There are 2 protein chains.
Amino acid sequence: MKVTRETDYAIRAVLLLSEDRGKTLPVSALSEKMDLPRSFLAKILQKLSRAGIVESIRGASGGYRLKRNPSRISLYDLYKAVQGEFVVNECAVEGRVCSRKERCAVHPVWKKIEREAVREMKKHSIASLSGEKSSQRS
Amino acid sequence: MKVTRETDYAIRAVLLLSEDRGKTLPVSALSEKMDLPRSFLAKILQKLSRAGIVESIRGASGGYRLKRNPSRISLYDLYKAVQGEFVVNECAVEGRVCSRKERCAVHPVWKKIEREAVREMKKHSIASLSGEKSSQRS
DNA sequence: AGGAAACAGGATAAAATTTGTCCGATATGA
DNA sequence: TCATATCGGACAAATTTTATCCTGTTTCCT
């Protein structure tokens with residue numbers, strides 16, 4: 001549940017990509033700007049690619065570019081693409097049964113915290129975070 | 001930030017201790033009721049003891065008992081006693097500087113999620129979770 | 001006084017997760 | 001064809017989580 005470096009980097013990378021909207025940047029360019037290992041960032045961008053947030057262009061003069069409008073990419077989208085479901089307590093994961101049979105009175109609290117956090121993350125788009133006026137083109 | 005087994009066990013242990021209010025239970029009794037390793041639970045209870053939530057009685061017929069009224073023990077108290085500060089993103093920890101010099105637009109979002117989660121955890125006491133009418137005795 | 005029951009706390013260790021690294025395969029533009 | 005990129009899997013280091021064990025100390029009971 002804690003935001004890992006991967007997710008942190010993912011957000012920063014997407015913020016960078018949203019600056020040069022439409023531009024395609026190779027991983028090397030991004031990793032230099034962000035001053036972090038290219039190979040690690042490459043893995044992260046692959047996850048974002050599978051999630052349909054960025055688009056990869058292979059071959060020479062290839063790289064990554066945004067696939068969606070920055071106004072339609074939320075922090076939650078990025079969190080989920082990189083870390084998966086947002087979970088506060090393993091014991092409260094849907095479909096998994098609490099080890100104790102008796103009803104756990106604490107479950108609802110974890111669930112509420114989850115809902116609130118997810119709602120907050122969904123409220124903020126890359127566009128709003130970069131202070132960009134969200135254009136309406138998809 | 002994610003709730004670990006330690007914290008989960010701590011909550012359950014304190015709920016058990018609040019059932020027999022005032023009673024002193026040895027770790028072995030608690031670990032049997034909870035069906036988990038005594039040595040692991042012992043470490044957790046030591047943390048709770050240092051935090052002033054439970055009280056240890058040494059020697060034969062010793063054990064642990066609540067030190068505070070269940071209505072004055074919140075989930076947050078337990079979380080903090082076991083896991084320390086509640087942190088959503090390491091980069092947003094107070095006093096630690098974000099690796100990037102530029103102001104990070106995402107910080108405030110993590111901070112807000114932290115505040116909301118802590119507030120939610122503070123709202124729920126052991127007394128309210130066990131459905132007990134919170135007595136007024138300290 | 002002596003033995004048994006119980007906590008205190010440090011050292012150790014297994015397992016899982018996080019944080020990377022590396023390399024061969026594949027795609028593509030010039 | 002060559003240089004530049006991504007793709008994806010295997011590998012590895014560091015950290016955190018989840019414990020276990022052992023020695024020491026305290027206290028009750030006989």
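In the text below, chain A, chain B and the rest are named by the order of the sequence lines, each starting its count at 1. Bear in mind the structure is a predicted one, so any value in this text is a computation, not a measurement.
- If you check distances only, the side chain of A:Lys43 does reach the base of D:dG8 with a donor-acceptor pair under 3.5 Å.
- Here C:dG20 presents its P atom at 8 Å from CD1 of A:Ile44, a figure rounded to the nearest Å.
- Residue B:Ser61 has its side chain nearest to D:dC28 when only D:dC7, D:dC28, C:dG20 are considered.
- Proximity of A:Tyr9 to the phosphate of C:dG20: a side-chain N or O atom is located under 4.0 Å from OP1 or OP2.
- Across the protein-nucleic acid pair, B:Glu32 atom CD and C:dA6 atom P stand 11 Å apart, rounded to whole Å.
- Applying the 4.0 Å criterion to OP1 and OP2 of C:dA6, one finds that B:Tyr64 has every side-chain N and O outside that range.
- Heavy-atom distances to DNA chain C give each of A:Gly59 and A:Arg38 a nearest nucleotide, and the one nearer the 5′ end belongs to A:Arg38.
- The side chain of A:Ala60 lies closest to C:dG29, out of D:dT6, C:dG29, C:dA4.
- B:Gly62 comes within 4.0 angstrom of the backbone, heavy atoms only, and of no base.
- One donor-acceptor pair, N or O on each side, does fall under 3.5 Å between the base of D:dT6 and the side chain of A:Arg58.
- Heavy-atom minimum distance, A:Val109 versus B:Glu120: CG1-CG, 4.2 Å.
- Distance A:Lys2 NZ to D:dT16 P: 8 Å, rounded to the nearest Å.
- Distance A:Arg5 CZ to C:dT21 C1': 19 Å, rounded to the nearest Å.
- For C:dT17, the OP1/OP2 oxygens have no side-chain nitrogen or oxygen of A:Thr4 closer than 4.0 Å.
- Going from atom CG of B:Asp8 over to atom C1' of D:dA19 covers 16 Å, rounded to whole Å.
- In this structure a side-chain-to-backbone donor-acceptor pair under 3.5 Å is present from A:Tyr79 to A:Met1.
- Counting any heavy atom pair closer than 4.0 Å across all strands shown, B:Ile57 reaches sugar-phosphate atoms only and no base atom.
- For B:Lys2, the NZ atom is densely surrounded, since the number of other residues' heavy atoms within 6.0 Å is greater than 12.
- Linking ILVMFWY residues whenever their side-chain heavy atoms come closer than 4.5 Å, directly or via other members, leaves A:Ile57 and A:Val54 in distinct clusters.
- Following rounding to the nearest Å, A:Glu6 (CD) and C:dT21 (C1') show an atom-to-atom distance of 13 Å.
- At a threshold of 4.5 Å between non-hydrogen side-chain atoms, the residues A:Val106 and A:Asn89 do not count as touching.
- Within 4.0 Å of B:Arg50, counting heavy atoms only, lie sugar-phosphate atoms of the nucleic acid but no base atom.
- As judged by a 4.0 angstrom heavy-atom cut-off over every strand, B:Ser39 is placed among the base-contacting residues.
- A straight line from CZ of A:Phe40 to P of D:dT6 spans 17 Å, rounded to a whole angstrom.
- Computed from coordinates, the A:Gln46 CD to C:dG20 P distance equals 16 Å when rounded to whole Å.
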